[in-house]
Number of protein chains: 2
Amino acid sequence: MLRLTKKADYGLMALKYLAEHPEVVSVSAKDIADTYRIPPQLLAKVLQRLTKVGLLRSHAGMNGGYALSKPAGTISAFEVIHAIDGPLFITSCTKGSKGCDLEPSCTVKEPLARVNESIAGVLRSISIYDLVDHETAAQRAADASQLISLTSLTQ
Amino acid sequence: MLRLTKKADYGLMALKYLAEHPEVVSVSAKDIADTYRIPPQLLAKVLQRLTKVGLLRSHAGMNGGYALSKPAGTISAFEVIHAIDGPLFITSCTKGSKGCDLEPSCTVKEPLARVNESIAGVLRSISIYDLVDHETAAQRAADASQLISLTSLTQ
DNA sequence: GAGTATACGACCATTATTGTCGGCGTTCAA
DNA sequence: TTGAACGCCGACAATAATGGTCGTATACTC
Ligand code: FES
Ligand code: FES
(Lines give C-alpha, C1' and ligand atoms only; values in the text may rest on other atoms or scores of the structure.)
(Ligands and ions follow the chains in the order given, each with its own letter.)
Protein backbone atom coordinates (compact mmCIF):
# COMPACT_ATOMS: atom_id res chain seq x y z
CA MET A 1 0.00 0.00 0.00
CA LEU A 2 1.19 3.44 -1.01
CA ARG A 3 4.27 1.78 -2.37
CA LEU A 4 6.30 2.92 -5.31
CA THR A 5 6.78 0.59 -8.22
CA LYS A 6 9.70 -1.73 -8.77
CA LYS A 7 10.62 0.30 -11.80
CA ALA A 8 11.12 3.35 -9.61
CA ASP A 9 13.07 1.20 -7.19
CA TYR A 10 15.27 -0.02 -10.00
CA GLY A 11 15.77 3.48 -11.23
CA LEU A 12 16.84 4.71 -7.81
CA MET A 13 19.18 1.78 -7.38
CA ALA A 14 20.76 2.43 -10.75
CA LEU A 15 21.22 6.12 -10.07
CA LYS A 16 22.70 5.32 -6.70
CA TYR A 17 25.09 2.92 -8.38
CA LEU A 18 26.16 5.55 -10.85
CA ALA A 19 26.63 8.05 -8.03
CA GLU A 20 28.83 5.55 -6.24
CA HIS A 21 31.06 4.99 -9.27
CA PRO A 22 31.88 8.44 -10.57
CA GLU A 23 35.25 7.23 -11.86
CA VAL A 24 33.63 5.09 -14.56
CA VAL A 25 32.76 7.06 -17.67
CA SER A 26 29.65 5.10 -18.52
CA VAL A 27 27.99 1.93 -17.29
CA SER A 28 25.80 -0.34 -19.38
CA ALA A 29 22.33 -1.31 -18.30
CA LYS A 30 23.40 -4.92 -18.33
CA ASP A 31 26.20 -4.28 -15.86
CA ILE A 32 23.90 -2.67 -13.36
CA ALA A 33 21.25 -5.31 -13.89
CA ASP A 34 23.78 -8.07 -13.27
CA THR A 35 25.01 -6.39 -10.12
CA TYR A 36 21.58 -6.26 -8.58
CA ARG A 37 20.06 -9.31 -10.26
CA ILE A 38 17.26 -7.45 -11.90
CA PRO A 39 15.83 -8.04 -15.40
CA PRO A 40 18.24 -6.29 -17.80
CA GLN A 41 15.68 -5.31 -20.38
CA LEU A 42 13.37 -3.85 -17.80
CA LEU A 43 16.14 -1.80 -16.28
CA ALA A 44 17.11 -0.71 -19.78
CA LYS A 45 13.67 0.71 -20.35
CA VAL A 46 13.80 2.52 -17.04
CA LEU A 47 17.16 4.04 -17.85
CA GLN A 48 15.90 5.06 -21.25
CA ARG A 49 13.11 6.99 -19.66
CA LEU A 50 15.50 8.66 -17.26
CA THR A 51 17.60 9.59 -20.26
CA LYS A 52 14.63 11.05 -22.07
CA VAL A 53 13.88 13.43 -19.20
CA GLY A 54 17.51 14.46 -19.04
CA LEU A 55 18.64 12.86 -15.80
CA LEU A 56 21.06 10.58 -17.63
CA ARG A 57 23.33 10.79 -20.64
CA SER A 58 23.45 7.73 -22.82
CA HIS A 59 26.06 6.52 -25.20
CA ALA A 60 25.42 3.73 -27.69
CA GLY A 61 27.93 1.33 -29.15
CA MET A 62 30.76 -0.58 -27.55
CA ASN A 63 31.78 0.53 -24.08
CA GLY A 64 28.64 2.59 -24.16
CA GLY A 65 26.14 2.96 -21.38
CA TYR A 66 24.77 5.61 -19.07
CA ALA A 67 26.14 8.34 -16.87
CA LEU A 68 24.57 10.95 -14.63
CA SER A 69 23.95 14.19 -16.46
CA LYS A 70 24.42 16.27 -13.30
CA PRO A 71 25.75 15.89 -9.76
CA ALA A 72 23.99 13.29 -7.60
CA GLY A 73 23.23 15.94 -5.04
CA THR A 74 21.07 17.83 -7.49
CA ILE A 75 18.87 14.91 -8.51
CA SER A 76 15.89 14.45 -6.22
CA ALA A 77 14.04 11.22 -5.59
CA PHE A 78 10.94 13.08 -6.68
CA GLU A 79 12.34 13.75 -10.15
CA VAL A 80 13.22 10.11 -10.57
CA ILE A 81 9.89 8.78 -9.42
CA HIS A 82 8.02 11.33 -11.46
CA ALA A 83 9.98 10.41 -14.56
CA ILE A 84 9.35 6.71 -14.17
CA ASP A 85 5.91 6.45 -12.66
CA GLY A 86 4.40 9.68 -13.83
CA PRO A 87 2.79 12.39 -11.72
CA LEU A 88 2.44 11.74 -8.04
CA PHE A 89 -1.14 11.38 -6.93
CA ILE A 90 -2.08 10.07 -3.56
CA THR A 91 -5.77 10.19 -4.37
CA SER A 92 -7.29 7.51 -6.52
CA CYS A 93 -8.21 10.01 -9.23
CA THR A 94 -5.51 8.89 -11.59
CA LYS A 95 -5.46 11.87 -13.88
CA GLY A 96 -5.73 15.57 -13.35
CA SER A 97 -7.45 16.17 -16.64
CA LYS A 98 -10.29 13.66 -16.48
CA GLY A 99 -11.51 13.57 -12.91
CA CYS A 100 -12.39 10.20 -11.45
CA ASP A 101 -15.94 8.88 -11.36
CA LEU A 102 -16.67 10.17 -7.87
CA GLU A 103 -15.44 13.64 -8.70
CA PRO A 104 -18.66 15.52 -7.90
CA SER A 105 -19.36 13.87 -4.58
CA CYS A 106 -15.85 13.21 -3.33
CA THR A 107 -15.13 15.39 -0.34
CA VAL A 108 -11.65 14.29 0.56
CA LYS A 109 -9.96 15.22 -2.66
CA GLU A 110 -8.98 18.72 -1.72
CA PRO A 111 -7.63 17.98 1.77
CA LEU A 112 -5.70 15.00 0.47
CA ALA A 113 -4.15 17.12 -2.24
CA ARG A 114 -2.44 19.00 0.58
CA VAL A 115 -1.13 15.78 2.04
CA ASN A 116 0.04 14.89 -1.42
CA GLU A 117 2.06 18.07 -1.60
CA SER A 118 3.67 17.34 1.74
CA ILE A 119 4.76 13.94 0.57
CA ALA A 120 6.08 15.39 -2.66
CA GLY A 121 8.02 17.82 -0.50
CA VAL A 122 9.63 15.01 1.43
CA LEU A 123 10.64 13.28 -1.79
CA ARG A 124 11.96 16.50 -3.22
CA SER A 125 14.18 16.92 -0.18
CA ILE A 126 15.92 13.59 -0.76
CA SER A 127 18.66 13.49 -3.38
CA ILE A 128 20.46 10.59 -4.97
CA TYR A 129 23.47 11.63 -2.99
CA ASP A 130 21.45 11.11 0.18
CA LEU A 131 20.89 7.52 -0.82
CA VAL A 132 24.63 7.02 -0.89
CA ASP A 133 25.31 8.86 2.32
CA HIS A 134 22.98 7.08 4.70
CA GLU A 135 23.75 9.16 7.75
CA THR A 136 22.79 12.44 6.17
CA ALA A 137 19.56 11.07 4.78
CA ALA A 138 18.64 9.46 8.08
CA GLN A 139 19.24 12.69 9.92
CA ARG A 140 17.25 14.71 7.44
CA ALA A 141 14.31 12.35 7.50
CA ALA A 142 14.33 12.32 11.29
CA ASP A 143 14.37 16.10 11.38
CA ALA A 144 11.53 16.32 8.91
CA SER A 145 9.39 13.88 10.87
CA GLN A 146 10.04 15.67 14.10
CA LEU A 147 9.17 19.04 12.66
CA ILE A 148 5.98 17.65 11.25
CA SER A 149 4.77 16.18 14.52
CA LEU A 150 5.75 19.40 16.22
CA THR A 151 3.64 21.32 13.77
CA SER A 152 0.76 19.00 14.41
CA LEU A 153 0.97 19.48 18.16
CA THR A 154 1.14 23.22 18.08
CA GLN A 155 -1.95 23.48 15.94
CA MET B 1 1.56 6.05 -8.64
CA LEU B 2 2.02 6.12 -4.90
CA ARG B 3 -1.70 6.44 -4.63
CA LEU B 4 -3.86 5.08 -1.90
CA THR B 5 -6.63 2.66 -2.79
CA LYS B 6 -10.23 3.54 -3.41
CA LYS B 7 -11.13 1.58 -0.33
CA ALA B 8 -9.05 3.92 1.77
CA ASP B 9 -10.64 6.83 -0.04
CA TYR B 10 -14.08 5.47 0.69
CA GLY B 11 -13.16 4.93 4.31
CA LEU B 12 -11.97 8.49 4.71
CA MET B 13 -15.06 9.84 3.01
CA ALA B 14 -17.29 7.81 5.28
CA LEU B 15 -15.48 8.90 8.42
CA LYS B 16 -15.66 12.49 7.28
CA TYR B 17 -19.36 12.09 6.72
CA LEU B 18 -19.83 10.71 10.21
CA ALA B 19 -17.77 13.55 11.64
CA GLU B 20 -19.99 16.02 9.84
CA HIS B 21 -23.17 14.53 11.23
CA PRO B 22 -22.59 14.08 14.94
CA GLU B 23 -26.27 14.55 15.68
CA VAL B 24 -27.23 11.28 14.04
CA VAL B 25 -26.85 8.32 16.36
CA SER B 26 -25.83 5.88 13.68
CA VAL B 27 -25.68 5.86 9.91
CA SER B 28 -26.03 2.79 7.73
CA ALA B 29 -23.45 1.86 5.12
CA LYS B 30 -26.13 2.12 2.48
CA ASP B 31 -26.95 5.71 3.40
CA ILE B 32 -23.35 6.80 3.04
CA ALA B 33 -22.91 4.79 -0.14
CA ASP B 34 -25.99 6.41 -1.66
CA THR B 35 -24.78 9.86 -0.73
CA TYR B 36 -21.48 9.44 -2.51
CA ARG B 37 -22.57 7.01 -5.22
CA ILE B 38 -20.15 4.30 -4.25
CA PRO B 39 -20.78 0.52 -4.21
CA PRO B 40 -22.71 -0.16 -0.99
CA GLN B 41 -21.33 -3.61 -0.37
CA LEU B 42 -17.79 -2.47 -0.87
CA LEU B 43 -18.22 0.40 1.54
CA ALA B 44 -19.82 -2.02 3.98
CA LYS B 45 -16.72 -4.17 3.98
CA VAL B 46 -14.53 -1.14 4.51
CA LEU B 47 -16.62 0.02 7.45
CA GLN B 48 -16.53 -3.47 8.89
CA ARG B 49 -12.78 -3.39 8.91
CA LEU B 50 -12.77 0.00 10.54
CA THR B 51 -15.10 -1.42 13.15
CA LYS B 52 -12.82 -4.38 13.75
CA VAL B 53 -9.89 -2.12 14.58
CA GLY B 54 -12.03 -0.05 16.88
CA LEU B 55 -12.40 3.19 14.96
CA LEU B 56 -16.14 2.67 14.58
CA ARG B 57 -18.96 1.28 16.66
CA SER B 58 -21.53 -0.77 14.81
CA HIS B 59 -25.09 -1.54 15.63
CA ALA B 60 -26.96 -4.30 13.82
CA GLY B 61 -30.68 -4.52 13.20
CA MET B 62 -33.16 -1.96 12.07
CA ASN B 63 -32.05 1.64 12.28
CA GLY B 64 -28.62 0.24 12.89
CA GLY B 65 -25.41 1.47 11.34
CA TYR B 66 -22.10 2.95 12.31
CA ALA B 67 -20.82 5.74 14.50
CA LEU B 68 -17.38 7.07 15.38
CA SER B 69 -16.03 5.42 18.48
CA LYS B 70 -14.02 8.50 19.43
CA PRO B 71 -13.77 12.20 18.55
CA ALA B 72 -12.90 12.95 14.92
CA GLY B 73 -9.92 14.96 16.06
CA THR B 74 -8.31 11.88 17.58
CA ILE B 75 -8.57 9.68 14.49
CA SER B 76 -5.61 10.08 12.16
CA ALA B 77 -5.61 9.43 8.44
CA PHE B 78 -2.75 7.06 9.12
CA GLU B 79 -4.89 4.84 11.35
CA VAL B 80 -7.58 4.67 8.73
CA ILE B 81 -5.28 3.84 5.86
CA HIS B 82 -3.39 1.33 7.92
CA ALA B 83 -6.60 -0.39 8.93
CA ILE B 84 -7.87 -0.64 5.38
CA ASP B 85 -4.78 -1.14 3.27
CA GLY B 86 -2.45 -2.69 5.80
CA PRO B 87 1.00 -1.50 6.79
CA LEU B 88 2.43 1.42 4.91
CA PHE B 89 5.41 0.51 2.78
CA ILE B 90 6.83 2.80 0.19
CA THR B 91 9.35 0.23 -0.96
CA SER B 92 8.22 -2.59 -3.18
CA CYS B 93 9.08 -5.20 -0.56
CA THR B 94 5.50 -5.93 0.31
CA LYS B 95 6.03 -7.65 3.62
CA GLY B 96 8.36 -7.05 6.52
CA SER B 97 8.62 -10.72 7.36
CA LYS B 98 9.56 -12.20 4.00
CA GLY B 99 11.89 -9.75 2.30
CA CYS B 100 11.41 -9.23 -1.39
CA ASP B 101 13.46 -11.08 -3.97
CA LEU B 102 16.08 -8.37 -4.31
CA GLU B 103 16.60 -8.18 -0.59
CA PRO B 104 20.33 -9.02 -0.55
CA SER B 105 21.37 -6.64 -3.29
CA CYS B 106 18.88 -3.83 -2.82
CA THR B 107 20.69 -0.76 -1.60
CA VAL B 108 17.87 1.73 -1.41
CA LYS B 109 15.74 -0.09 1.09
CA GLU B 110 17.20 1.46 4.18
CA PRO B 111 17.20 5.07 3.01
CA LEU B 112 13.70 4.75 1.66
CA ALA B 113 12.51 3.38 4.96
CA ARG B 114 13.34 6.80 6.39
CA VAL B 115 11.32 8.49 3.71
CA ASN B 116 8.55 6.08 4.53
CA GLU B 117 8.59 7.20 8.13
CA SER B 118 8.37 10.83 7.09
CA ILE B 119 5.32 10.15 5.00
CA ALA B 120 3.74 8.18 7.81
CA GLY B 121 4.41 11.19 9.99
CA VAL B 122 2.53 13.46 7.65
CA LEU B 123 -0.43 11.11 7.59
CA ARG B 124 -0.35 10.79 11.35
CA SER B 125 -0.58 14.57 11.65
CA ILE B 126 -3.84 14.71 9.71
CA SER B 127 -7.04 13.85 11.56
CA ILE B 128 -10.53 13.22 10.32
CA TYR B 129 -11.46 16.51 11.82
CA ASP B 130 -8.92 18.16 9.55
CA LEU B 131 -10.75 16.77 6.56
CA VAL B 132 -13.87 18.57 7.69
CA ASP B 133 -12.14 21.81 8.53
CA HIS B 134 -10.30 22.53 5.32
CA GLU B 135 -8.58 25.70 6.47
CA THR B 136 -6.82 24.07 9.37
CA ALA B 137 -5.63 21.15 7.29
CA ALA B 138 -4.40 23.41 4.52
CA GLN B 139 -2.46 25.50 6.98
CA ARG B 140 -0.95 22.49 8.65
CA ALA B 141 0.10 20.88 5.40
CA ALA B 142 1.64 24.13 4.21
CA ASP B 143 3.58 24.45 7.47
CA ALA B 144 4.80 20.88 7.23
CA SER B 145 5.98 21.31 3.65
CA GLN B 146 7.76 24.52 4.44
CA LEU B 147 9.53 23.05 7.42
CA ILE B 148 10.63 20.11 5.36
CA SER B 149 12.15 22.19 2.60
CA LEU B 150 13.74 24.37 5.22
CA THR B 151 15.32 21.31 6.76
CA SER B 152 16.57 20.23 3.40
CA LEU B 153 18.20 23.57 2.73
CA THR B 154 19.95 23.84 6.04
CA GLN B 155 21.53 20.42 5.72
C1' DG C 1 31.44 -5.17 -41.49
C1' DA C 2 31.05 -7.55 -36.97
C1' DG C 3 29.93 -6.88 -32.38
C1' DT C 4 27.96 -4.37 -28.68
C1' DA C 5 25.08 -1.20 -26.95
C1' DT C 6 20.88 1.93 -26.67
C1' DA C 7 15.81 3.00 -28.37
C1' DC C 8 11.24 1.77 -28.84
C1' DG C 9 6.96 -0.40 -29.31
C1' DA C 10 4.09 -4.41 -28.99
C1' DC C 11 2.98 -7.99 -26.33
C1' DC C 12 1.94 -11.49 -22.58
C1' DA C 13 2.15 -12.98 -17.48
C1' DT C 14 1.42 -11.94 -12.98
C1' DT C 15 -0.46 -9.60 -9.37
C1' DA C 16 -3.39 -6.17 -7.00
C1' DT C 17 -7.43 -3.87 -6.79
C1' DT C 18 -12.29 -3.45 -7.24
C1' DG C 19 -16.63 -5.05 -7.04
C1' DT C 20 -20.35 -8.84 -6.47
C1' DC C 21 -22.82 -12.70 -4.50
C1' DG C 22 -24.84 -15.62 -1.01
C1' DG C 23 -25.58 -17.04 3.50
C1' DC C 24 -25.78 -15.99 8.35
C1' DG C 25 -26.66 -13.50 12.92
C1' DT C 26 -28.87 -9.36 15.17
C1' DT C 27 -32.15 -5.90 16.20
C1' DC C 28 -36.48 -3.73 16.13
C1' DA C 29 -41.20 -2.76 15.36
C1' DA C 30 -45.54 -3.90 13.56
C1' DT D 1 -43.59 -13.88 16.10
C1' DT D 2 -42.48 -12.59 11.91
C1' DG D 3 -40.19 -9.99 8.58
C1' DA D 4 -37.62 -6.07 7.03
C1' DA D 5 -33.37 -3.59 7.72
C1' DC D 6 -29.06 -3.97 9.00
C1' DG D 7 -24.13 -5.68 10.08
C1' DC D 8 -20.72 -9.67 9.33
C1' DC D 9 -17.98 -12.77 6.64
C1' DG D 10 -15.83 -15.55 3.09
C1' DA D 11 -15.51 -16.71 -1.57
C1' DC D 12 -15.18 -15.30 -6.00
C1' DA D 13 -15.34 -12.83 -10.60
C1' DA D 14 -14.05 -8.68 -13.22
C1' DT D 15 -10.91 -5.36 -14.03
C1' DA D 16 -6.77 -2.71 -13.90
C1' DA D 17 -1.93 -2.06 -12.95
C1' DT D 18 2.42 -3.77 -12.89
C1' DG D 19 6.24 -6.60 -14.18
C1' DG D 20 8.64 -8.67 -17.57
C1' DT D 21 9.73 -10.41 -22.49
C1' DC D 22 10.54 -10.18 -27.49
C1' DG D 23 11.69 -8.34 -31.86
C1' DT D 24 13.50 -4.99 -34.43
C1' DA D 25 15.70 -0.72 -35.55
C1' DT D 26 19.49 2.34 -34.79
C1' DA D 27 24.00 4.15 -33.19
C1' DC D 28 28.63 3.63 -32.16
C1' DT D 29 33.38 1.37 -31.76
C1' DC D 30 36.86 -1.28 -33.45
S1 FES E 1 -10.90 10.30 -5.42
FE2 FES E 1 -11.27 11.30 -7.34
S3 FES E 1 -12.50 12.96 -6.75
FE4 FES E 1 -12.10 11.98 -4.83
S1 FES F 1 12.81 -3.31 -2.66
FE2 FES F 1 12.81 -5.03 -1.33
S3 FES F 1 14.84 -5.04 -0.57
FE4 FES F 1 14.82 -3.27 -1.87
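Throughout, a chain's letter reflects where its sequence line sits, starting with A, and its residues are numbered from 1. FYI, side chains are in, hydrogens and waters are out, and symmetry mates aren't considered; it's all heavy atoms of this structure. Everything numeric in this text was worked out from a predicted model, so none of it was measured.
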Original post:
Hey, is the main chain of A/L55 close enough, under 3.5 Å, to the side chain of A/S69 for a donor-acceptor pair?
Top reply: yes

Subject >> Nucleic acid contacts - residues 18-32 of chain A versus DNA chain C, non-hydrogen atoms under 4.0 Å >> reply: A/S28, A/A29

Subject >> A/H82 (side chain) donor-acceptor with A/F78 (main chain) under 3.5 angstrom >> reply: no

Subject >> Whole angstrom value for the distance that separates P of C/dA16 from CZ of A/R3 >> reply: 7 Å

Subject >> Polar side-chain atom of A/R57 near backbone of A/A67 as donor-acceptor pair, under 3.5 Å >> reply: no

Original post:
Under 3.5 Å, side chain of A/S28 to main-chain N/O of A/G65, donor-acceptor pair present?
Top reply: no

Original post:
Taking for each residue the nucleotide of DNA chain D with the nearest heavy atom, is it B/Y66 or A/G61 whose nucleotide lies nearer the 5' end?
Top reply: B/Y66

**OP:** Write down the distance between NZ (A/K45) and C1' (D/dT18), rounded to a whole number of angstrom.
**Re:** 11 Å

Subject >> Between P of C/dT4 and CG of A/N63, the distance in whole Å >> reply: 11 Å

**OP:** To the nearest Å, give me how far apart OH (A/Y10) and C1' (D/dT21) are.
**Re:** 13 Å

Subject >> Backbone N/O of A/S127 and side chain of A/D130: donor-acceptor pair under 3.5 Å >> reply: yes

Subject >> Whole angstrom value for the distance that separates P of D/dC6 from CG of B/D34 >> reply: 10 Å

Subject >> Minimum-distance nucleotide to B/T5 side chain [options: C/dC21, C/dT17, D/dG20] >> reply: C/dT17

**OP:** Check every atom of C/dT6, C/dG19, C/dT18 against the side chain of A/A60 and return the nucleotide holding the closest atom.
**Re:** C/dT6

**OP:** Quickly work out the B/Q48 CD to C/dG25 C1' distance and round it to whole Å.
**Re:** 12 Å

Original post:
When the distance from CG of B/D9 to P of C/dT17 is rounded to whole Å, what number comes out?
Top reply: 14 Å

Original post:
Roughly, in whole Å, what's the span from CE in B/M62 to C1' in C/dG25?
Top reply: 16 Å

Subject >> side-chain N/O B/S58 vs D/dC6 OP1/OP2, d < 4.0 Å >> reply: no

Subject >> Residue-phosphate contact under 4.0 Å: A/H59 side-chain N/O, D/dT29 OP1/OP2 >> reply: yes

Original post:
Is the shortest heavy-atom distance from the side chain of A/R49 to the side chain of A/K45 under 4.5 Å?
Top reply: no

Original post:
Crowded around B/K70 NZ? As in, over 12 foreign heavy atoms under 6.0 Å?
Top reply: yes

